[in-house]
Amino acid sequence: MGLDGKVVVVTGGTRGVGAGVARAFAEAGAQVVICARRPPEVPLPGVEFRPLDLRDPAAVRDFFAALPRLDVLVNNAGGTPYRRLTDAEAERHARVIELNLVAPLTASLAAYEHLERSRGSVVMIGSVSGGRPSPGSAAYGAAKAGLANLARSMAVEWAPRVRVNTLVVGMVRTELSHLHYGGEEGIASVSRTVPLGRLAEPSDIGAAAVFLASDAAAYISGASLHVHGGGERPAFLDAATVNKEV
C-alpha cells in the first residue's frame, strides 16, 4: 500500500496490539521503530526498538528530534488496570489520562515537523471505551474519548499536509486478555457477545492501521474507523421476551 521505505514509529509497540501494528507495517515494507520503557520479550523481525518513557516530555522531544525522517506516527501506548472510581484518588486516575491522552498529544507535537515535511500521517489507537460507559476503567474511557476529539481537531489544524485518523478498537485477544476476560472459557463467552463471533487479533488492528497510513486512504482524515467486529449485541435483545431468534 505504498509504504516501502517509509519510516514508522509505533509507541508502546512491544506486545499486544502495538506489536501487531508494528509487524503489519514491517510486512508492508516500512522501516519500523517501536519505543517503550522496556524492550519486547520476543524481538520483532524487521523492527527496531528504542527505549523511551512516553510520560517524559523532554525525552519524547529528544527522541523525535533525533530521527532523520518520519512518515507515520502510531500513538498506540496506553492501557489501564481494572479500577473503580472510588477505589483510588483522583491523582491515580489522572495517571491513566496522562498515558492515554497527554502522551499521544506530546508525541504528536514532537513529531509534527517531521510529518509536515513528509506529508505524513498520525494514527491514534482509540477504543470503544471512549464511546460508551466504561465501569472499572472510567478514566481510560474518558481519555480515549478525548483522544478521538483531539485527532479530529489535529486533522483540521494540520491539513492539508498531515492526515490524522483514529482506530476505534474493540476487544482484542492479547497476552493480557485473561486480566480482562478470564481464561479460555471467559474469552469464549465474551467472544459470543461480538457479532463476528470472536475477539480481534492484533494483526486485525495492524492491517487497519496500515490502510489508514497508506496512499489508499489519501483522502481520509479526521475519521474514526471502528475495528470492533460489529460492536456489541444490544443487551435488551436477549432480555426481551418476544421476537426471539430461533
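Starting from 1, each residue takes its place in the sequence as its number.
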Verify side chain to side chain contact (heavy atoms under 4.5 Å, CB included) between S137 and Y82, making sure each step is shown before the conclusion.
CA-CA 6 Å; S137 58; Y82 181 86; over 6 Å; no

Mind running side chain to side chain contact (heavy atoms under 4.5 Å, CB included) on V74 and I125 for me, showing each step along the way?
CA-CA 7 Å; V74 181; I125 303 299; 3.9 Å; yes

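Judged by distance alone, with hydrogens and angles left aside, the side-chain atoms of N100 form no donor-acceptor pair with the main-chain N or O of A143 at under 3.5 Å. Counting only distance, with no hydrogens or angles, the side chain of R163 and the backbone of I220 share a donor-acceptor pair below 3.5 Å. When atom types are taken as modelled, the side chain of T11 and the backbone of A77 share a donor-acceptor pair closer than 3.5 angstrom. Judged by distance alone, the side chain of K6 and the main-chain N or O of S214 form no donor-acceptor pair under 3.5 Å. Within the 3.5 Å criterion, the main-chain N or O of P104 finds a donor-acceptor partner in the side chain of S108. Using modelled atom types, no side-chain atom of D53 and backbone atom of R37 make a donor-acceptor pair closer than 3.5 Å. For the pair R161 (side chain) and E116 (backbone), a donor-acceptor distance under 3.5 Å is present. Between the side chain of N165 and the backbone N or O of V123 there is no donor-acceptor pair closer than 3.5 Å. Judged purely by atom type and a 3.5 angstrom limit, S129 has no side-chain atom pairing as donor or acceptor with the backbone of S134. Under a 3.5 Å cut-off, the side chain of H228 and the backbone N or O of G230 do form a donor-acceptor pair.
Taking hydrophobic clusters as Ile, Leu, Val, Met, Phe, Trp and Tyr residues chained together by side-chain heavy-atom distances below 4.5 Å, V227 shares a cluster with V72. Residues L44 and F49 share a hydrophobic cluster, clusters being chains of Ile/Leu/Val/Met/Phe/Trp/Tyr side chains in contact below 4.5 Å. Both V210 and V47 are assigned to one and the same hydrophobic cluster, defined by single-linkage of ILVMFWY side chains at heavy-atom distances under 4.5 Å. Under the 4.5 Å side-chain heavy-atom criterion for grouping Ile, Leu, Val, Met, Phe, Trp and Tyr, V32 is not connected to L70 through any hydrophobic cluster. By the criterion of side-chain heavy atoms lying less than 4.5 angstrom apart, applied directly or through intervening Ile, Leu, Val, Met, Phe, Trp or Tyr residues, V194 is not grouped with V168; the two fall into different hydrophobic clusters.
Under a 4.0 Å N-O distance rule, the pair R95/E89 does not qualify as a salt bridge. Taking 4.0 Å as the cut-off between side-chain N and carboxylate O, R198 and D204 count as a salt-bridged pair.
Nearest heavy-atom pair, A30 versus V8, reported as atom, atom and distance to 0.1 Å: CB-CG2, 3.7 Å. Residues A36 and G12 come closest through the heavy atom pair CB-CA, 4.2 Å. Contact detail for A200 and I205: the closest heavy-atom pair is CB-CD1, 4.2 Å. Of all non-hydrogen atoms in S221 and V162, the two that sit nearest each other are OG-O, 4.4 Å. What you find for S224 and A148 is that their closest heavy atoms are OG-CB, 4.5 Å. Considering all non-hydrogen atoms of both residues, F25 and A209 come closest at CZ-O, 3.6 Å.
Residues forming a side-chain contact (heavy atoms from CB on, under 4.5 Å) with A151 (at least two apart in sequence, or on another chain): M124, V164, T166. Remark: E232 pairs with R132 by the salt bridge (charged side-chain N to carboxylate O under 4.0 Å, His left out) rule, at least two apart or across chains. By the salt bridge (charged side-chain N to carboxylate O under 4.0 Å, His left out) test, R69 is found to be paired with D71, residues two or more places apart in sequence or in another chain being considered.
Counting only heavy atoms from C-beta outward, the side chains of L101 and Y140 never approach each other to under 4.5 Å. Considering only heavy atoms from C-beta on, L67 comes within 4.5 Å of H114 through its side chain. Here the side chains of E201 and V172 are not in contact, with every heavy-atom distance at 4.5 Å or above. The closest side-chain heavy-atom distance from E48 to I34 is not below 4.5 Å. Within the 4.5 Å cutoff, side-chain heavy atoms of L73 are placed close to those of V9. L199 has its side chain within reach of I187: a pair of non-hydrogen atoms, C-beta onward, lies under 4.5 Å apart. For the pair N75/V122, a side-chain contact is recorded, criterion being any heavy-atom separation below 4.5 Å from C-beta on. A heavy-atom distance below 4.5 Å is found between the side chains of L150 and L105.
Residue N149 holds its CG atom at 11.0 Å from CE of M154, rounded to the nearest 0.5 Å. With values rounded to the nearest 0.5 angstrom, L85 atom CG is found 5.0 Å from H93 atom NE2. Note that the OG1 atom of T80 and the NZ atom of K144 stand 10.5 Å from one another [nearest 0.5 Å]. In this structure, CG on D56 lies 8.5 Å from CZ on R61, to the nearest 0.5 angstrom. Rounding to the nearest 0.5 Å gives a distance of 8.5 Å between OG of S203 and CD of E27. The distance from the CH2 atom of W158 to the OG atom of S121 is 11.5 Å, given to the nearest 0.5 Å.
Atom CZ of R92 has 12 or fewer neighbouring heavy atoms from other residues, nucleotides or ligands inside a 6.0 Å radius.
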